[in-house]
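We name chains A, B, ... by the order of the sequence lines, and we start the count at 1 in each one.
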2 protein chains.
Amino acid sequence: MDNRERILETALELFYARGYDAVGVQEIAEKSGVTKPTLYYYFKSKYGLLEELLRSRGEPFLEALHQACVYRGDLKDTLCAAARTVADFAWKEPKFSILFVAQYYSARESEVYQAVRPLVVRLQKEIEGVFDAAADDLGNMHGRQRQFSLGFIGLVILYLIMKHETEETEGIAVSEQEIEALVHQFMHGIYS
Amino acid sequence: MDNRERILETALELFYARGYDAVGVQEIAEKSGVTKPTLYYYFKSKYGLLEELLRSRGEPFLEALHQACVYRGDLKDTLCAAARTVADFAWKEPKFSILFVAQYYSARESEVYQAVRPLVVRLQKEIEGVFDAAADDLGNMHGRQRQFSLGFIGLVILYLIMKHETEETEGIAVSEQEIEALVHQFMHGIYS
DNA sequence: CTCATTGTATACCGAACGGTATAAACTGTC
DNA sequence: GACAGTTTATACCGTTCGGTATACAATGAG
């Protein structure tokens, strides 16, 4: 692993554990086994490092989610596929996932929230797209697609956090049945 | 309003908007119309200010929640009462509520999380107590009270955030029907 | 009037912050 | 072996951070 990647990995570790603001550039560099100028050679600023971290880790996820969110004629199936993608990613990248959630819920005017903004927007667009495409199934949603997608995202996130809190293991494993139960619960709430 | 209260109010405002770490003591003092030594006269440190903010605002809420969580023979009723209490508080203290959520999901080793820890623990204890008391209704929960309570708390929080995102208004108003629908959805998921 | 307590302001501290100027090693190419 | 581009280290910058020593008003009690 080269220095650039090592810096990103260290930053993820530290941001995950203590948060962006509480971690100094100095410490990231030291724990990566490099000096500050090396860090600034690869990333133009501390904020740039965060952006690149979110971008590089988030891109594969959003790519996979985009595939999963192609509407295949059934809302439940599509939502299951989306949830499946999220769960898989959370299993592979637990620390990044938790970091993402923390920043998702952070203060709106903070740097950290500004940094996740692009990911959040794309994530919401994907899910909203599913509800738009499912208009025939669901009937008139009275423009509540946004509300539904926010709720769905929140529910999936909540489930992952719960898992992360409860499980002894490091990763977050979610079975197919759990995914289906989650989506079923969500849809039942919507239909009623 | 005296200086002490004004400092707390200003801190809440700023922490809510930009987060604890990103806000300096200097700014809190200036925006409160006092100088730094005055702030340190009332609170022994920046962290102490945060603790006092959480304590003073959180205490009334936990007190009300404790009343609501007295088991009255029916799980649904009790959960509705608890959700009602949360919703009422979120209506009265929207900024504090959002700040609480942000810190609830923040990095586990961060100062902010350490500071909300006491509130989180008491909140969870209250809800867990409901599920414990409802063992007769629910049957054997196989020690999943903790998981249920985490899920319930998360769901209520999620609902509030969703409201806060969606509504144009500042406060978060939740009708009785919405509360009941939320609890019903949660319990349906549990029973199935 | 005196005196202790509460409350506020001026001015300052050392440390840590994010960030950089400069230059020396490396690396592969010709 | 000279050269260009990449990568790293030393040493430093100005600023802001959380926090404080000191002194001066205000206040009410005796």
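At whole-Å resolution of the value, CG in D2(B) and P in dA26(D) are 19 Å apart. One interatomic measurement links the two molecules: NZ of K44(B) to C1' of dG19(D), which rounds to 14 Å at whole-angstrom precision. Rounded to an integer number of Å, the gap from R18(B) CZ to dT16(D) C1' is 13 Å. If you take OH of Y40(A) and C1' of dA9(D), they are 16 Å apart, rounded to a whole angstrom.
A side-chain donor-acceptor contact under 3.5 Å links Y20(B) to the backbone of Y47(B). In this structure, E30(B) contributes its side chain and V25(B) its backbone to no donor-acceptor pair below 3.5 Å.
Ion pair K46(B)/E111(B) not flagged as a salt bridge, since none of the NZ, NE, NH1 or NH2 atoms sits closer than 4.0 Å to an Asp/Glu carboxylate oxygen.
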Could you list the donor-acceptor pairs under 3.5 angstrom formed by side chains in residues 57-72 of chain B, with sequence neighbours left out?
unit_1, atom_1, unit_2, atom_2, d
R57(B), NH1, E5(B), OE2, 3.1
R57(B), NH2, E5(B), OE2, 3.3
R57(B), NH2, E9(B), OE1, 2.6
E59(B), OE2, R122(B), NH1, 3.4
E59(B), OE2, R122(B), NH2, 3.2
E63(B), OE2, Q67(B), NE2, 3.4
H66(B), ND1, E126(B), OE1, 3.3
H66(B), ND1, E126(B), OE2, 2.7
Y71(B), OH, L75(B), N, 3.3
Y71(B), OH, D137(B), OD2, 3.2
R72(B), NH1, V70(B), O, 2.9
R72(B), NH2, A68(B), O, 3.3

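Tested against Y105(B), the residues F100(A), Y105(A), Y104(A) include a single ring-ring contact (aromatic ring centres under 6.0 Å, His included) partner, Y105(A).
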Can you check nucleotides 5-8 of chain D for protein contacts, nitrogen or oxygen pairs under 3.5 Å, and list what you find?
unit_1, atom_1, unit_2, atom_2, d
dT7(D), OP2, Y41(A), OH, 3.0
dT8(D), OP1, N3(A), ND2, 2.1
dT8(D), OP2, N3(A), ND2, 3.0
dT8(D), OP2, Y42(A), OH, 3.1

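Under the 30°/60° scheme for interplanar angles, the aromatic rings of F152(A) and F131(A) are found to stand perpendicular.
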- [ ] Walk me through it: do Y16(A) and R108(B) pass the test side chain to side chain contact (heavy atoms under 4.5 Å, CB included)?
- [x] CA-CA 8 Å; Y16(A) 160 78; R108(B) 292 300 180 256; 5.9 Å; no
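Chain B approaches DNA chain C within less than 4.0 angstrom (heavy atoms of the protein), and the contacting nucleotides run 5' to 3' from dT6(C) to dT10(C).
For E180(B), the CD atom counts as loosely surrounded, since its 6.0 Å shell holds 12 or fewer non-hydrogen atoms of other residues, nucleotides or ligands.
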